[in-house]
Protein chains: 2
Amino acid sequence: MPANPRQRRRDRHAPSPSAPAASITPRKLPLTVERITDAALEVVATQNYDALTMRSVAKLLDTGPASLYAHVVNKADLDELIIGRLCNQLVLPTPDAARWREQIADVCAQLRDQYLAYPGISRAAFAMVATDLDVLRVAEGMLAILVTAGIDPQTAAWAIDALYLYVGAYTLEISLAARGGIDSGGTDEIDGSGRAGDTGRPDADGVVGREQRDEVLRRFSALPADTFPNTRRYATELTSGTGHERFDFTVGLMLATLL
Amino acid sequence: MPANPRQRRRDRHAPSPSAPAASITPRKLPLTVERITDAALEVVATQNYDALTMRSVAKLLDTGPASLYAHVVNKADLDELIIGRLCNQLVLPTPDAARWREQIADVCAQLRDQYLAYPGISRAAFAMVATDLDVLRVAEGMLAILVTAGIDPQTAAWAIDALYLYVGAYTLEISLAARGGIDSGGTDEIDGSGRAGDTGRPDADGVVGREQRDEVLRRFSALPADTFPNTRRYATELTSGTGHERFDFTVGLMLATLL
DNA sequence: GGTTATGAACGAACAATGTTCGTAATGACG
DNA sequence: CGTCATTACGAACATTGTTCGTTCATAACC
């Protein structure tokens with residue numbers, strides 16, 4: 001009996017001291033927060049974050065949008081729930097002062113892969129306050145790794161913030177580039193969407209489609225040489241970064257001088 | 001006569017070689033892309049990005065939303081226009097190999113301040129592809145600074161990407177924290193929005209309201225000590241970072257090992 | 001100068017979104 | 001068995017982006 005949804009949301013940010021465990025589970029298939037969260041994640045996973053509407057999750061649960069509001073405060077609350085679920089699945093290593101770099105990098109990579117598995121979901125991560133318990137749990141884990149490594153707490157706190165922001169921004173950019181893509185230049189409206197198998201989402205490595213990269217590279221090379229000399233010359237470098245090289249580079253950059 | 005809006009948008013990403021200068025200016029006050037962009041920026045500046053709707057800018061121009069579509073492809077196009085205008089106002093220094101760090105940091109700070117002057121506008125920056133000419137211009141400027149400093153082009157390209165992403169994420173977080181804020185805990189719905197002068201936007205230094213920081217700090221200190229030991233202990237460090245200390249820290253982190 | 005054609009302005013409307021309201025069903029409890 | 005609180009749900013409302021058809025002004029042309 002989830003009581004008031006608002007109360008439930010508050011508890012997710014600052015737990016109420018008296019939290020009795022869930023009682024017996026009912027027999028049928030009643031609407032519950034877990035089922036709603038699962039359905040929402042399924043919508044995002046099979047389509048993308050833009051397709052996550054109250055109606056889409058309601059339809060997946062064979063009901064109407066109004067039924068959700070008995071368990072969920074609003075759409076923002078649903079966003080928090082799915083982000084919390086995502087963060088909850090991250091495995092946090094027990095701090096090892098000797099391997100703190102790879103431990104932090106690993107947590108970041110986990111978060112990145114979770115975000116990429118649900119295209120565009122980082123938008124929800126940006127929109128929510130950082131006091132959700134599940135999000136705080138991973139921050140706690142990273143903080144533990146850094147402070148046991150002997151890093152100044154202030155530095156550690158700011159570094160965690162920076163890393164968290166970067167992971168969100170990186171995955172968001174990849175998801176957006178994978179979907180919308182380029183303006184399909186050339187003549188108007190001739191959208192010869194021929195190639196099958198191009199699902200419009202990043203593959204496992206977060207690589208944006210090869211043809212998209214080539215398209216950007218072509219545009220860079222076509223820029224006027226007087227105002228964009230470096231962009232022209234280093235178009236290859238600017239458009240490179242397949243796989244997660246760019247990601248690893250930046251995380252390494254941030255961890256390089258932390259000690 | 002702006003021809004086709006779609007053509008105009010394409011030109012902003014890859015200029016058409018034949019671009020005749022604007023002819024005589026009409027006498028009255030015809031709707032034009034500049035006026036629409038100005039109105040859009042005014043809406044965002046006086047309210048926030050959420051208030052930027054086709055109808056709001058149309059109302060500011062004393063017309064209806066349909067009239068805008070003769071000059072603007074769609075809302076995404078309008079987003080591109082305002083981001084382009086913002087980037088266009090940045091002043092790019094002539095590269096000085098001896099002062100490359102402060103030059104890069106300065107450009108980032110300029111971008112940050114522009115974003116913060118228009119709360120939430122970084123959402124639009126994230127949603128657009130990075131081939132807009134005005135955006136490319138600042139990337140070109142930063143690339144020039146880094147390569148003249150003798151930094152490997154590949155490293156420079158990735159660093160610029162990381163910096164750009166971080167600035168957007170940082171400003172977006174600040175704008176969101178300044179607006180929505182916390183769930184106004186305690187009892188339901190008693191929103192005693194008493195304090196006047198709290199406009200709900202970050203002040204000049206991007207400081208999120210002091211009472212908000214205290215609120216977060218209070219929550220951190222109230223966390224269970226067994227599962228959140230570090231968050232509790234270092235709550236002060238986690239919530240610190242007034243002004244732009246956090247921002248300067250992260251940018252410095254990224255620039256530290258670039259050479 | 002009169003006619004015509006081209007593009008902009010605009011009102012109305014449509015589809016989709018988040019959300020709320022009133023009501024019916026459903027199950028717990030005395 | 002009756003009462004009542006909670007959940008489920010259909011219908012509706014307000015707000016978004018966007019399009020359609022029409023009107024209108026201005027420029028081009030003979």
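First the proteins, then the strands, lettered A, B, ... as listed; each starts at 1.
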Margin query: Distance check needed: C:dG18 C1' versus A:Leu78 CG, whole Å only.
Written below: 12 Å
Margin query: Between C1' on C:dT19 and CZ on A:Arg6, what's the gap in Å once rounded to a whole number?
Written below: 12 Å
Next item on the list: Send over the distance from A:Asp79 CG to C:dT17 P, rounded to a whole Å.
Entry: 14 Å
Check: What's the CG-P distance between A:Asp77 and C:dG18, to the nearest Å?
Finding: 14 Å
Next item on the list: Establish, with yes or no, whether the OP1 or OP2 oxygen of C:dG7 is under 4.0 angstrom from a side-chain nitrogen or oxygen of B:His71.
Entry: no
Checklist line | N/O (side chain, A:Ser67) to phosphate O (OP1/OP2, D:dC9) under 4.0 Å | finding: yes
Margin query: Could you tell me how far apart B:Tyr69 (OH) and D:dT16 (P) are, to the nearest whole angstrom?
Written below: 12 Å
Check: Hey, which of B:Asp77, B:Leu81, B:Val135 is the one that makes side-chain contact (heavy atoms from CB on, under 4.5 Å) with B:Met128?
Finding: B:Val135
Notebook entry, point to check: Do A:Val72 and A:Ile36 have side-chain heavy atoms sitting under 4.5 Å apart?
Noted result: yes
Checklist line | Value in whole Å for how far the C1' atom of C:dG18 lies from NZ of A:Lys75 | finding: 9 Å
Note to self: To check you understand the geometry: which heavy-atom pair defines the closest contact between A:Gly168 and A:Tyr115, and what is its length?
What the structure shows: CA-CE1, 4.1 Å
Next item on the list: Measure from OH on B:Tyr49 to P on D:dT16 and round the result to the nearest Å.
Entry: 13 Å
Item checked: Any donor-acceptor N/O pair, A:Thr231 side chain to A:Phe228 backbone, under 3.5 Å -> no
Checklist line | Which residues share a side chain to side chain contact (heavy atoms under 4.5 Å, CB included) with B:Arg85, sequence neighbours left out | finding: B:Glu34, B:Thr37, B:Asp38, B:Leu41, B:Gln89
Next item on the list: Write down the distance between CG (A:Asp50) and C1' (C:dA15), rounded to a whole number of angstrom.
Entry: 16 Å
Notebook entry, point to check: What about A:Tyr166 and B:Tyr166, are their ring centers closer than 6.0 Å?
Noted result: no
Notebook entry, point to check: Among residues 52-63 of chain B, which contact DNA chain D at a heavy-atom distance under 4.0 Å?
Noted result: B:Leu52, B:Thr53, B:Met54, B:Arg55
Note to self: Please compare B:Ala66 and A:Pro65 by the position of their nearest nucleotide in DNA chain D and report the one closer to 5'.
What the structure shows: A:Pro65
Next item on the list: Verify whether one side chain among B:Asp79 and B:Tyr49 offers a donor that lies under 3.5 Å from an acceptor in the other.
Entry: yes
